[in-house]
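This one's a predicted model, so the numbers in the text were calculated from it and none came from an experiment.
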Amino acid sequence: MRSAFRQTLRALRSVRWYVRELTDESAYDRYVAHVREEHPDTWVPSRRDFERMRTDRQEADPRQGFRCC
């Protein structure tokens with residue numbers, strides 16, 4: 001029974017990881033890890049600020065396509 005529980009837990013963690021990668025939900029986590037490792041003295045923006053910066057960058061780049069809404 002313990003083995004079945006661990007397999008189920010492992011499967012759920014894998015699904016969670018896959019969905020976060022697919023939706024790019026993990027982008028902020030990767031960004032924070034990068035900043036802390038490469039630039040430890042740099043201010044790390046909040047998740048909200050990060051998403052705003054990312055959206056602004058995407059909208060300013062004409063190669064990203066047209067955003068209608």
Side-chain angles (χ1 to χ4, degrees):
M1 179 150 163
R2 184 172 233 162
S3 176
F5 177 73
R6 287 183 185 189
Q7 288 177 341
T8 302
L9 190 57
R10 180 184 292 171
L12 289 173
R13 285 180 180 156
S14 296
V15 168
R16 180 180 182 268
W17 174 86
Y18 181 76
V19 169
R20 289 191 70 206
E21 291 295 323
L22 186 65
T23 61
D24 211 22
E25 177 71 21
S26 61
Y28 179 71
D29 298 332
R30 287 192 307 269
Y31 175 74
V32 169
H34 165 76
V35 169
R36 288 188 176 153
E37 183 177 320
E38 300 294 325
H39 313 283
D41 297 334
T42 304
W43 168 76
V44 177
S46 67
R47 179 178 212 98
R48 183 178 184 152
D49 291 340
F50 170 78
E51 293 297 339
R52 181 77 255 160
M53 290 185 309
R54 191 166 81 152
T55 301
D56 290 345
R57 186 177 62 243
Q58 288 173 346
E59 289 178 351
D61 188 354
R63 296 173 297 169
Q64 294 292 327
F66 180 73
R67 180 172 174 214
C68 67
C69 1

Query raised in the report: What heavy-atom pair brings Glu25 and Arg47 nearest, and what distance separates the two atoms?
Result: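 Looking at all heavy atoms of both residues, the closest pair is O-NH2, 2.8 Å.
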Query raised in the report: Which residues satisfy the ring pair (Phe, Tyr, Trp, His ring centres under 6.0 Å) test with Phe50, sequence neighbours excluded?
Result: Tyr28, Tyr31
**Report entry** Any residue meeting salt bridge (Lys or Arg N to Asp or Glu O under 4.0 Å) with Arg20, in chain and number order, not counting sequence neighbours
**Finding:**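 Result, salt bridge (Lys or Arg N to Asp or Glu O under 4.0 Å) vs Arg20: Asp29.
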**Report entry** Results of salt bridge (Lys or Arg N to Asp or Glu O under 4.0 Å) for Asp41 - residues two or more places apart only
**Finding:**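 Once residues adjacent in sequence are excluded, Asp41 has no partner under the salt bridge (Lys or Arg N to Asp or Glu O under 4.0 Å) criterion.
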In residues 5-17, what donor-acceptor pairs under 3.5 Å come from side-chain atoms, sequence neighbours left out?
residue, atom, partner, partner atom, Å
Thr8, OG1, Ala4, O, 2.9
Ser14, OG, Arg10, O, 3.0

Query raised in the report: Sequence neighbours excluded, which residues qualify as side-chain hydrogen bond (donor to acceptor under 3.5 Å, both in side chains) partners of Arg36?
Result: none
**Report entry** Any side-chain heavy-atom pair of Val44 and His39 under 4.5 Å
**Finding:**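 No; the side chains remain at least 4.5 Å from each other.
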Requested in this report: For salt bridge (charged side-chain N to carboxylate O under 4.0 Å, His left out), just list the numbers for Arg48 and Glu51, CA-CA rounded to whole Å, side-chain angles, deciding distance to a tenth of an Å, and then say yes or no.
Outcome: CA-CA 5 Å; Arg48 183 178 184 152; Glu51 293 297 339; over 6 Å; no
Report task. Starting from Trp43, walk the hydrophobic network (Ile, Leu, Val, Met, Phe, Trp, Tyr; side-chain heavy atoms closer than 4.5 Å) and list everyone else you reach, by chain and number. Result ->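 When side chains under 4.5 Å apart are linked, Trp43 ends up in no cluster with other residues.
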